[in-house]
Amino acid sequence: MLDLKFVRANPEEVKEGLARRGADVSLLDPFLKLDETRREKLHAVEQLKNRRNVVSEEIGRLKKSGQEAEDKVLEMRQVSQRIKEMDDELKDLEEQLQATLLTIPNIPNETVPYGKDSNDNVEVRRWGRPADFGFAPKAHWDIGESLDIFDFERGGKVTGARFTFYKGLGARLERSVFNFFLDLHTREHGYVEVFPPFMVNSSSMVGTGQLPKFAEDMFKVEGTDYYLIPTAEVPVTNLYSNEILDGGKLTISHCAYSACFRAEAGAAGRDTRGLIRQHQFNKVEMVKFTRPEDSYEELEKLTLNAERALQLLELPYRTVCLCTGDMGFSSAKTYDIEVWLPSYNDYKEISSCSNFEDFQARRANIRFKDGKAKPRFVHTLNGSGLAVGRTVAAILENFQQEDGSVKVPGVLVPYMGTEYIRN
RNA sequence: GGAGAGUUGGCCGAGUUGGCUGAAGGCGCUCGCCUGCUAAGCGAGUAUACGGGCAUAAACCUGUAUCGAGGGUUCGAAUCCCUCACUCUCCGCCA
C-alpha cells in the first residue's frame, strides 16, 4: 500500500512510477478528489464532536449541582444524530479510499530497468555451465517414472490434476532438499527458522498483498475466513503485523519451510507435465525485516543466499533483474534466479527475491522504533531459498546418467544415505 | 463439541451505583540533579493514528478517535446491553 500522504503530496511522481510498470493511472485523480472530500467532512464532524464533548461535560456539571439542563440535552440529541449521519458518510468514503489504495501496486525502485514484459528482464549473473551429456537427456517426469519415484497418475486419482505422490528415494530426495536448505540458511546465513501455519486469515493475505486483487489464485477453506498459504511469505511476514519492533533488533531474518498451495487460475495449459507447476509444492522461504536504509543491501545478500544453495548443489543458473513491467504487485525490485533445465533447454525460475520496501509493512502495520523516535515502517523482503519441487526436477535432469540412474549431488549424500538413485 | 473465567498503556495492575480517567499506582525506559565508581535517592518526562494551525519539512500548538473487535442504549460509556474473535481452566474427543 502506498502512503496516502505521499500520494497526496506527489501525485505526478506516483503516476509516473505506476505508468513505468504499466499500471492503470486513470483512477488516481478521482481518488485524490475523494480524499479531499473526506478531509473536509472529517474536519466538520470533528468540530461537532468537540462541541458535543464540551456541552456534555457542562450538562454533567449542571446536573451535579441540581440545575436544569433539558434544553442542552435536547440540542445535543440532535447534534449526536447529525454526527452519526456524518460518521456513516465518512466511513463510506474511507472504505472507498481504502479499497482503491489496496489495489494500487507498488512503485518500482529507480534502479529497476524499464520494460514491458519478461523479454526486457536484464541478466545480472550467470553461474555454472549446462552439462554436455553425450546422450539424449530425459525430462524429469520420464526419469521419475523409470526410477519409480513419482506417481503423477495416482496423484490425479486421489486428488486431481497437478497433485503428485513422491515415492521411495523420490520422497526422500524432496525431504533431503528442504532439510539441506534449512540447514544452510540457519547455520551459515544466520536465519532463524520458523515453522508457520499453512493456513492464514484474510487479513494476513491483505497484509502481504495477495488480497484483495488475487483471490482467484488461492484456495479458500470453505465456511471459514482461512486460506491455504501460497507461500510461507504470508504467515512469516505477518508474524509481526500490528507490532512495533525494537529498532535495535533489526535486521530480523527468518527462514521457513512450508507446503505452498496455488490455484493459479490463469496458468491452465502451462507446464502441464512434471513437477514444475503443481497446486501443492514445497518451498523454503527467506524473509527479512529491515530498516529502510538497509533494505537494498539486504536484498543483494538475500539473493546471494539463494544462489549459494544452487552453487552447493552444482546446478547451473542465472540471475535476472525483473523489469518494471514484469514485477509482482507488491514488489519494488525483484531478482529472479533461474535454474538450467535440460528438458526446457532453458533456464526456469526457481527463486524470486524481492524488496517490498514499506508496501507490505504499511498494509500489515509492521513498524519499528529507536528509543524515543517516532515509529517508522520497516522494509520487508523475501525470497525463495528455494522452491523444492523445481530443485528436485533440476537435480534429476542435470545429474542423470546414461544408464538411467541419477547421481546425488555431494551435499545431499549425507541426507540421502546413497550416492545414486537407481532402480 | 459442552461449561466457566478473562482480554485496560512497553510490562504489571486499579478502575463495573455511566460524567473533569488517555486512563490511579508500581515497574521499566529517557533526561536532569546528586554521587570518587556502582548502588540507592530526588525531580521531570514517557502511547498511537487521523485532521487543523501550515504553502512545504521538523518542532510546537490544537481537535478527534482509541481501555480485544464491531454494533446498540445515552446529552455523555473502559464502565450498561448485543454479536464476534482470542486467551486460560475443567469435561468430552482426538494426533
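Values in this document were obtained by computation on a predicted structure and should not be read as measured data. Residue numbers begin at 1 in each chain, while the letters A, B, ... track the order of the sequences.
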Margin query: What's the gap between rG4(B) and rG92(B) when it is taken at their C1' atoms, as a whole Å value?
Written below: 15 Å
Next item on the list: Take atom P in rA69(B) and the same atom in rC86(B), then report the distance between them in whole Å.
Entry: 15 Å
Next item on the list: Measure from CG on Asp370(A) to P on rC29(B) and round the result to the nearest Å.
Entry: 17 Å
Next item on the list: Give a yes/no answer on whether the side chain of Arg61(A) brings an N or O atom under 4.0 Å of OP1 or OP2 in rG19(B).
Entry: no
Check: What residues form a ring-ring contact (aromatic ring centres under 6.0 Å, His included) with Phe6(A), not counting sequence neighbours?
Finding: none
Item checked: side-chain N/O Lys369(A) vs rU48(B) OP1/OP2, d < 4.0 Å -> yes
Margin query: Rounded to whole Å, how long is the line connecting atom NZ of Lys5(A) with atom P of rC54(B)?
Written below: 17 Å
Would you tabulate the side-chain donor-acceptor contacts of residues 248-261 of chain A under 3.5 Å, counting partners in other chains and residues two or more places apart, or write 'none'?
residue	atom	partner	partner atom	Å
His254(A)	ND1	Val192(A)	O	3.0
His254(A)	NE2	Tyr240(A)	OH	2.8
Tyr257(A)	OH	Asn282(A)	OD1	2.5

Next item on the list: Flag the pair Arg270(A) and Glu264(A) as a salt bridge only when some basic side-chain nitrogen lies within less than 4.0 angstrom of an acidic carboxylate oxygen.
Entry: no
Notebook entry, point to check: Atom CG of Asp246(A) and atom P of rG28(B): how far apart are they, to the nearest Å?
Noted result: 18 Å
Margin query: Using atom C1' in both nucleotides, what's the gap between rC90(B) and rG76(B) to the nearest angstrom?
Written below: 41 Å
Note to self: Can you measure Phe6(A) atom CZ to rU56(B) atom C1' for me and round it to whole angstrom units?
What the structure shows: 14 Å
Check: Excluding sequence neighbours, so at least two apart, what forms side-chain contact (heavy atoms from CB on, under 4.5 Å) with Leu48(A)?
Finding: Val79(A), Arg82(A), Ile83(A), Met86(A)
Notebook entry, point to check: For rG51(B), does OP1 or OP2 lie under 4.0 Å from any side-chain N or O of Arg38(A)?
Noted result: yes
Next item on the list: Check the distance between rC11(B)'s P and Glu243(A)'s CD and give it to me in whole angstrom.
Entry: 10 Å
Next item on the list: Could I get the full list of ring-ring contact (aromatic ring centres under 6.0 Å, His included) partners for Phe181(A), not counting sequence neighbours?
Entry: none
Notebook entry, point to check: Can you tell me how far P in rC42(B) sits from the matching atom in rG26(B), rounded to whole Å?
Noted result: 11 Å
Checklist line | Pairing of Asp151(A) and Lys157(A) as salt bridge, 4.0 angstrom limit | finding: no
Margin query: Suppose you measure atom P in rU79(B) against the same atom in rG70(B); what distance do you get, rounded to whole Å?
Written below: 13 Å
Next item on the list: Sticking with atom P, work out how far rA85(B) lies from rC29(B), rounded to a whole angstrom.
Entry: 40 Å
Item checked: Closest-nucleotide 5' rank along RNA chain B - winner of Arg367(A) and Leu4(A) -> Arg367(A)
Check: Mind checking the P distance from rG10(B) to rU48(B)? Whole angstroms is fine.
Finding: 8 Å
Check: With a non-hydrogen cut-off below 4.0 angstrom, is Arg8(A) in contact with a base, only sugar-phosphate, or nothing?
Finding: sugar-phosphate
Next item on the list: Assign a letter to each nucleotide of nucleotides 61-78 of chain B from its 5' end: B, base within under 4.0 Å of a protein heavy atom; S, sugar-phosphate only; -, no contact.
Entry: --BBS-----S-S-BS--
Notebook entry, point to check: In terms of side-chain geometry, is the basic nitrogen of Asp88(A) or Lys91(A) positioned less than 4.0 Å from the acidic oxygen of its partner?
Noted result: no
Note to self: Going by purine N1 to pyrimidine N3 plus the second Watson-Crick contact, or the G-U wobble pair, all under 3.5 Å, which nucleotide sits opposite rA24(B)?
What the structure shows: none
Next item on the list: Can you tell me the pairing partner of rU7(B) across any strand shown, Watson-Crick or G-U wobble, with both distances under 3.5 angstrom?
Entry: rA85(B)
Checklist line | Pairs touching residues 172-185 of chain A that satisfy salt bridge (Lys or Arg N to Asp or Glu O under 4.0 Å), sequence neighbours left out | finding: Asp183(A)-Arg187(A)
Item checked: Under 3.5 Å on both distances, the Watson-Crick or G-U partner of rG63(B) -> rC50(B)
Check: Can you check the Glu58(A) CD to rG19(B) P distance for me, whole Å?
Finding: 18 Å
Notebook entry, point to check: Considering every strand shown, what is the Watson-Crick or G-U wobble mate of rA78(B) when both distances are under 3.5 Å?
Noted result: none
Check: What is the pairing partner of rA44(B), taking Watson-Crick or G-U wobble pairs with both distances under 3.5 Å in any strand?
Finding: rU30(B)
Margin query: Expressed as a whole number of angstroms, how long is the span from Met86(A):CE to rG51(B):C1'?
Written below: 13 Å
Check: Would you call Glu233(A) and Lys283(A) a salt bridge, using N to O less than 4.0 angstrom?
Finding: no
Note to self: Strictly by Watson-Crick or wobble contacts shorter than 3.5 Å, is anything paired with rG1(B), and which nucleotide is it?
What the structure shows: rC91(B)
Check: Which base sits across from rA55(B) as a Watson-Crick or G-U pair, both distances under 3.5 Å?
Finding: none
Margin query: With rounding to the closest Å, how many angstrom separate the C1' atoms on rC81(B) and rU73(B)?
Written below: 7 Å
Item checked: rA39(B) pairs with, by Watson-Crick or G-U criteria that keep both distances under 3.5 Å -> none
Note to self: Please report the distance, rounded to the nearest Å, between CD1 in Ile244(A) and P in rU48(B).
What the structure shows: 7 Å
